[in-house]
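Everything below concerns the one structure shown next.
Every number for a ligand or one of its atoms is a count from 1 in the order of the listing.
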Amino acid sequence: MKNTLYLLLLLTLGCQTKTETKPTFGIVIHGGAGTILKENMTAEKEAAYRQVLSEAIQVGYEILKEGGSSQDAVEKTIHVMENSPLFNAGKGAVLTADATIELDASFMDGATLDAGAISGVRTVKHPISAAIKVMEASPHVMLSGAGADSFAKEQDLEIVEPEYFFTERRINSLKRVQEANAQKKLSLSEIDKAFLQQQRYGTVGCVALDLSGNLAAGTSTGGMTNKKWNRIGDAPIIGAGTYANNATCAISATGWGEFFIRSVVAHDISALMEYKGMSIEAAAKEVIHNKVAKLGGDGGVVGIDRHGNPMMEMNTAGMYRAHMDAEGNLAVKIYREE
Ligand code: ASP
């Protein structure tokens, strides 16, 4: 009996050493998915996108390399993209039908399954930080509108005038969309389709695995051009646009929000991994190309699993995206076939 127990102990130890992996880390980001075609791009524009994506991911990479947390890496990386007018998040966000700006963001901590989100804020310079504050300093998961703005102010987050977010480019695209809709005299649902397909990209997101094995995910967006009625997309919805769980993966999504909410995209990828044992890549392919696409939606996701395997999947022509592994290898991509 004693011998059998000893043998069992040896076998267990042997198995453990085999499955133990060296601590590693990694980071993946996106800057929105959509009809991003090379023929519509100038060399300068392309270089500018690649530049900001590289700068942003480098910030998170350095934090992770020094042993910092995935939460810190996600927050600081997203700040760089929220500061850039190129992306539909923070400065440079798209305009609503009333020519205002309403920002959404969410964050999830894979270690504790704690989460925070804000929607429709108008004065918070870094919506991702407000989402994190909701998680850390309130008993709630999601705050919206003027209340979310006041909460951010009470928490001493940086507050700006709404004008700070406006850019010439987004003012012009709202004008173009509204003029086109007026000329075509389309029904409301047709208008939505037309503008949604052309005018929706630039949401930002980041997922990271740190050296302690903790995963985190964050997403930040201005939503969709010409949105009405305080419309809220998937980005601030935990499980749809953002999800993280140390048992599986961290996910941030970008795409046609209504379809991503209905498909519960981010959590679905995690659930396929948890309950079906699928790899992050297979799970993302299933959700993006089967589930979302079959409903008629489009977009993409980035993710990282608990071993550091990156994933970047889309059913659109392109998605601004980048990945950096623990060795510092950097991949920055825009078009689907890259
Ligand atoms: N998912 C965002 C939304 O529906 C938009 C996007 O990611 O492009 O608000």
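For ligand 1, the atoms closer than 4.0 angstrom to any heavy atom of Thr203 are 2 (C), 5 (C), 6 (C), 7 (O), 8 (O). Atoms of ligand 1 lying under 4.0 Å from at least one heavy atom of Asp234, given by number and element, are 1 (N), 2 (C), 3 (C), 4 (O). Near Gly257, with a cut-off below 4.0 Å to any heavy atom, the atoms of ligand 1 are 4 (O). For ligand 1, the atoms sitting less than 4.0 Å from at least one non-hydrogen atom of Gly223 are 9 (O), numbered in the order shown with element in parentheses.
The aromatic rings of Tyr61 and Phe25 sit tilted relative to each other, their planes meeting at an angle between 30° and 60°.
The part of Arg231 lying near ligand 1 is the side chain, judged by heavy-atom distances below 4.0 Å.
Between the choices Gly233, Gly205, Gly255, the shortest heavy-atom distance to atom 5 (C) of ligand 1 belongs to Gly255.
Inclusion of Thr254 in the set of residues having an N or O under 3.5 Å from an N or O of ligand 1 is warranted. In terms of N/O distances under 3.5 Å, ligand 1 is not approached by Thr221.
A cation-pi arrangement is absent between Lys133 and Phe151, since the terminal nitrogen or guanidinium carbon is not both under 6.0 Å from the aromatic centre and inside a 45° cone about the axis.
Using a 4.0 Å heavy-atom cutoff, Ala235 is absent from the residues neighbouring ligand 1.
Note that the CG atom of Asn226 and the CG atom of Leu95 stand 9.5 Å from one another [nearest 0.5 Å].
Among the candidates Thr221, Thr219, Asp234, Thr242, the single residue satisfying the side chain to side chain donor-acceptor pair (under 3.5 Å) test with Ser106 is Thr242.
With a 4.5 Å cut-off between side-chain heavy atoms of Ile, Leu, Val, Met, Phe, Trp and Tyr, the cluster of Met142 takes in Ile237, Ile261.
Between Ile128 and Glu82 the shortest heavy-atom distance is N-OE2, 3.1 Å.
For Lys291, the side chain to side chain donor-acceptor pair (under 3.5 Å) test picks out Asp268, with sequence neighbours left out.
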